[in-house]
Amino acid sequence: MSAEATEKKAPVIKFLAGNEACMEGALAAGCRFFAGYPISPSSEIAEKMSGRLPKLGGKFIQMEDEIASMGAIIGASLAGAKTMTATSGPGFSLMQENIGYAMMAEVPCVVVNVMRGGPSTGNPTGPSQSDVMQCRWGTHGDHPAIVLSPNSIREAFDTTVQCFNFAEQFRTCVVLAMDEIVAHMREKIVIPAKEDIKIVNRKKPDLKPGDPYKPYEADASLIPPMMNFGEGFRYHVTGLDHDATGFPSGAPDNQEILHRRLVDKVEMHKDELFLFENHRTEDAEVLVVAYGSTSRSAKRAVEEARAQGIKAGLFRPITLFPIPEKQIAQAAGHAKKVVVPEMNLGQYRLEVERILGPAVPVVGVHRVNGEPIAPSLILSAIVGG
Amino acid sequence: MSMDYFQYLRKERMPHIWCPGCGHGTIMKSILRALDKLKWAKDDVVVVSGIGCSSRTPGYLDFNTLHTTHGRALSFAQGVKVANPNLKVIVISGDGDAMAIGGNHFIHACRRNMDITLIVFNNNIYGMTGGQASPTTFTGSKGTTAPYGAIEQPFDVCNMAQASGATYVARALDIDAVAMDRVILSALQNKGFSVVDAWSQCTTYFGRQNKWGDASEMMDRYKEMTYNVRLAEKMSPEEKAGKYPVGMLFQASRPEWCEEYGKLIERVSK
Ligand SMILES: Cc1ncc(C[n+]2csc(CCOP(=O)(O)OP(=O)(O)O)c2C)c(N)n1
Ligand code: SF4
Ligand SMILES: [Mg+2]
């Protein structure tokens, strides 16, 4: 049974759920270490990984909790593996301290957060988008954030590959924010042939044995090249403020340099990070901004509005963070009204309002009842005064 | 003992942060003496720690070193080991780090039995944060959060380790360098999860609050509170009552996690 899709030369057609497509994407990206703890609605990712990874010579370990899962994927990444964990709200909360560690110590890794209703145990099996701001700001301190959110099965595959590529390129923890609907719905998916999938690996420093290595010395890209443990360049990794040598340094100048570089290394390259879709936005007088499964209802609502003669359009950020601010502003260029439907009480809407300013009214369509947002609700907001 | 410690130390990181009389440096030297005997390539050794005075140790050591988050060292260490089983993984933790915030990771690491050695620098107090009570603070002893004396019963690190599945368990006092060297060396040689409960005096906080005196007086107290496990048979129950055995306390042979997973890979990847 080693007809492993990821090893196939030709594209493979499958019928998968989002969680399965995410796992396939991770394997295709080169993920060979997964640590996790079961939680709905993400458990299938861990389950499938436990079956698939050893067949590829990879490793799966079920940890005692999500804190340990996060620690394990950081440790394994430092030892050279591409690593991932998957969880949902309560587990994502537990991971936050170590997510910050990965950002601070610049250890590439991927965290999948399949969003369910919260806070607390909330609605374990219902869809939600209420962790959007936790994905951005969950860990303490100023920090960079790269967060992607797919709306289809094929995109669950593609964005997972992207998460790994971004994690490796930027040396940081990248979050895939799926909602429960995308995670559990099934669609036909054409998994691309191996050679058609772009893979990025962490940049290695150009060093000969015995050369001195400063693990946090960056060039103009602000991203330091990375050696793995065991490769002959012994170095120190810490979550304390540190200088280019990796050792703790409390000097105010060093702290300032470090924290600005961590944020700027993402900020500076953000144009490479923006993934988005414009649908009929060129002349849109009513712009809908929606992501994840909600964007599918939004697209339908836009079509129905167009049929009624209303010039509606959809802007769909796939990269939620960094926020594609210019692209949102551009899509809203002709807009007299902007509608933001979300399965939360308006987390991304606040960002859209901030970007567009008071000139354009922004209307939220928010649901926190564990049900998807129907196209009709979005349509009424488009049509309504 | 004419060993050159500096071949394993990052000289430029000196002076260390520890107070005069602190036992942590003594245990660090024991670890270096054991490693000097083993002759492992420095590039193959990974030393992982959590947060605390004890957890600052890796920063001074010239290996691959990983100073993680409070209590979580074992989870990072297991990730390192699973991803590259050729690496020799040593974890240094405090009593608060290993037994309080990291207590759950501790018992599960014992259960998994990966080839990792955990050395708990046990000073019965939270040193770094200023002397609060820890899970190994003795009943009646004072901490800044137990100003009237602790009313709780302390964990016995070794009993916990053995009950949870560790395959080498020992206790040693920093005052007895020979015994400390011996158990740390055996722990590192054990193919499985090893735990050393290494007693260390925190002169600044435990010693002062409990009026136990200076480092040498504290070490004498530790001697009085313990007995050599090899003499246990000759001792009466009264002589042992309330005292902690020191020496190698438990050893077992059990499948090692990474080897088992390696077999699993071979079995399913055909
Ligand atoms: C999550 C978290 N909680 C609390 C702390 C504060 N803290 C730092 S070290 C420490 C205790 C250290 O005690 P121990 O592990 O016994 O090490 P020692 O300093 O005694 O060697 C605490 C509570 C922290 N860094 N992180
Ligand atoms: S506070 Fe205690 S544990 Fe910390 S360095 Fe000083 S003596 Fe050692
Ligand atoms: Mg302590």
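These numbers were taken from a predicted model, which means no experiment stands behind them.
Other residues, nucleotides and ligands place more than 12 heavy atoms under 6.0 Å from the NZ atom of A:K204. Summarising the local packing, CD of B:E152 is surrounded by 12 or fewer heavy atoms from other residues, nucleotides or ligands at distances under 6.0 Å. Within a 6.0 Å radius of OH in B:Y60, more than 12 heavy atoms belonging to other residues, nucleotides or ligands are found. The 12-atom threshold is not exceeded at CD of B:Q153, counting heavy atoms of other residues, nucleotides or ligands nearer than 6.0 Å. Dense packing is recorded around CG of B:D4, with more than 12 heavy atoms of other residues, nucleotides or ligands lying under 6.0 Å away. Within 6.0 Å of CG on A:D211 lie more than 12 heavy atoms contributed by other residues, nucleotides or ligands.
When each of B:S49, B:A41, B:A83 is scored by its heavy-atom pairs under 4.5 Å with chain A, the top score falls to B:A83. Ranked by heavy-atom pairs under 4.5 Å with chain B, the list A:G58, A:G51, A:A105 is led by A:G58. The candidate from A:G239, A:P248, A:A35 with the greatest count of non-hydrogen atom pairs under 4.5 Å with chain B is A:P248.
The distance from the CZ atom of A:R234 to the CG atom of B:L61 is 11.5 Å, given to the nearest 0.5 Å. A distance of 10.0 Å separates OG of B:S75 from CD1 of A:I61, quoted to the nearest 0.5 Å.
Heavy atoms closer than 4.5 Å to chain A are found nowhere in B:R267, neither backbone nor side chain. For a residue to count as touching a neighbouring chain, one of its non-hydrogen atoms must lie under 4.5 Å from one of that chain's; by this rule B:V268 touches chain A with backbone and side chain alike. Interface remark: B:R111 contributes no atoms to any contact with chain A (heavy atom separation under 4.5 Å). Interface residue B:K42: backbone and side-chain heavy atoms are both found under 4.5 Å from chain A. The parts of B:D62 that come within reach of chain A are both its backbone and its side chain, each placing non-hydrogen atoms under 4.5 angstrom from that chain. Both the backbone and the side chain of B:L66 have a heavy atom closer than 4.5 Å to some heavy atom of chain A.
Contacts of residues 71-84 of chain A with chain B at a heavy-atom distance below 4.5 Å involve A:G71, A:A72, A:I74, A:G75, A:A76, A:L78, A:A79, A:A81, listed in sequence order. Contacts from residues 223-233 of chain A to chain B, taken as heavy-atom pairs separated by less than 4.5 Å, involve A:F229, A:G230, A:G232, A:F233 in sequence order.
In this structure, B:Y261 has its ring center no closer than 6.0 Å to that of A:F60.
Side-chain contact between B:T65 and A:V237: absent, with no pair of heavy atoms (C-beta onward) separated by less than 4.5 Å. Two residues are said to be in side-chain contact when any heavy atoms from C-beta on lie closer than 4.5 Å; B:R112 and A:E64 meet this criterion. For the pair B:R72/A:Y101, no side-chain contact is recorded, criterion being any heavy-atom separation below 4.5 Å from C-beta on. Side-chain contact between B:T69 and A:M70 is absent, with no heavy-atom pair separated by less than 4.5 Å.
Judged by distance alone, with hydrogens and angles left aside, the side-chain atoms of A:K59 form a donor-acceptor pair with the main-chain N or O of B:V82 at under 3.5 Å.
Nearest heavy-atom pair, A:P54 versus B:L264, reported as atom, atom and distance to 0.1 Å: CB-CD2, 3.4 Å.
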Would B:H108 and A:D65 count as a side chain to side chain contact (heavy atoms under 4.5 Å, CB included) if you check the C-alpha gap in whole Å, the side-chain angles of each, and the deciding distance to 0.1 Å?
-> CA-CA 10 Å; B:H108 286 275; A:D65 60 30; over 6 Å; no
Just do the side chain to side chain contact (heavy atoms under 4.5 Å, CB included) check on A:K55 and B:I265 with the steps written out, would you?
-> CA-CA 6 Å; A:K55 291 185 179 178; B:I265 288 178; over 6 Å; no
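Between A:H236 and B:H67, the ring-plane angle classifies as parallel under the 30° and 60° cut-offs.
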